[in-house]
Amino acid sequence: TDPLPGNCPHELGEDQRLLDISPADIEHVSQNIIRSHLDTCQFTSDELSRMTWNIHSQEDVRSLQNKTCETMWQLCAIHISNAIQYVVEFAKRLDGFMELCQNDQIVLLKAGCLEVLLIRMTRIFNPLNNTVFFEGKFGGIQMFRSLGCDDLVAAIFDLGRTLCRLDLSDEVIALFSAAVLMSPDRRWLTESSKVQKLQDRIFLALQKEIQKRHCNEDLLSKMVSKLPQMKTICNLHLDKLEFFRLLHPHIVDTFPPLYKEVFS
Ligand code: MHQ
């Protein structure tokens with residue numbers, strides 16, 4: 001097999017398992033992941049660039065703000081649940097994912113799908129005017145006022161801005177999403193070394209992709225440095241949901257089953 005590219009960030013295990021991967025294998029890993037992303041990313045970049053300047057009017061925003069907290073939560077839960085379905089499809093198409101045991105598939109999806117959504121959000125976020133695509137048009141943070149989760153929404157918009165600043169291509173977004181999904185350190189994994197091997201290959205593919213097209217040498221470490229911020233958002237979202245459930249348990253009962261399954 002071919003030797004390692006010189007600057008692999010990973011420590012080699014005793015079995016030196018990374019040495020078994022040839023450039024052709026890595027290319028194959030890349031292609032599978034990028035294809036899976038493009039097939040499941042909900043909006044093509046063409047569609048997105050056409051939509052960017054389709055912005056909610058003042059009345060649209062006011063009508064969102066006049067919704068009750070319960071209705072707005074319901075609306076967000078429906079959109080998130082819908083987006084999660086695409087992430088599940090993405091995961092299923094990743095080489096190796098369906099070969100993991102069912103427990104581990106569920107663990108990885110439950111732990112990773114909001115992080116993947118946050119990464120995917122950079123595609124649907126316009127940093128020029130701080131807007132995100134919601135309910136058919138772009139709008140700012142004030143759309144979500146009636147949720148009563150200003151800190152959560154502000155944190156999500158902050159992350160959107162910082163990730164957009166990295167100017168990630170669809171290829172890098174695809175590979176980074178896959179790497180985050182295949183995190184071997186998730187609690188309750190039974191075969192984490194299998195997941196570790198899959199993630200190692202994905203990081204090699206990501207590194208190669210960055211070398212190829214981005215002249216930004218430490219892009220990878222910049223992306224990885226956003227992970228704690230994403231984890232904070234996930235925990236904040238769980239806290240908010242728990243609190244909302246205390247106030248309105250019957251409303252949470254009506255949320256889409258997928259949303260409830262992932263977040264409880
Ligand atoms: C995806 C498409 C997508 C779909 C839904 C739940 C809560 C209390 C607060 C979008 C979050 C409010 C989400 C709907 C708000 C920040 C949520 C509600 C990429 C991600 C994206 C655009 C979600 C982004 C975050 C949104 C707007 O492919």
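One-based numbering, in listed order, for ligands and for the atoms of each. In this text, all values refer to a predicted model and were calculated from it rather than measured experimentally. Numbers here are sequence positions counted from 1.
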key: Pair R201 + D25: basic N to acidic O under 4.0 Å   = no
task = Could you list who else is in L247's hydrophobic cluster, with ILVMFWY side chains joined at under 4.5 Å, directly or through other members?
result = F243
message = For the residue pair R120 and F90, would you count it as a cation-pi contact if the rule is NZ or CZ under 6.0 angstrom from the ring centre and within 45 degrees of the ring axis?
response = yes
Starting from the N and O atoms of ligand 1, collect every protein N/O partner closer than 3.5 Å and put each pair on its own line with the distance to 0.1 Å.
from: ligand 1; atom 1: 28 (O); to: Q42; atom 2: OE1; distance (Å): 3.2

message = Quick one about Q207 and Q211 (side-chain donor to acceptor, distance below 3.5 Å, no hydrogens or angles considered), yes or no?
response = no
query = Would you call K197 and D200 a salt bridge, using N to O less than 4.0 angstrom?
reply = no
ask   = Do we see a donor-acceptor contact under 3.5 Å between the side chains of T44 and D46?
value = no
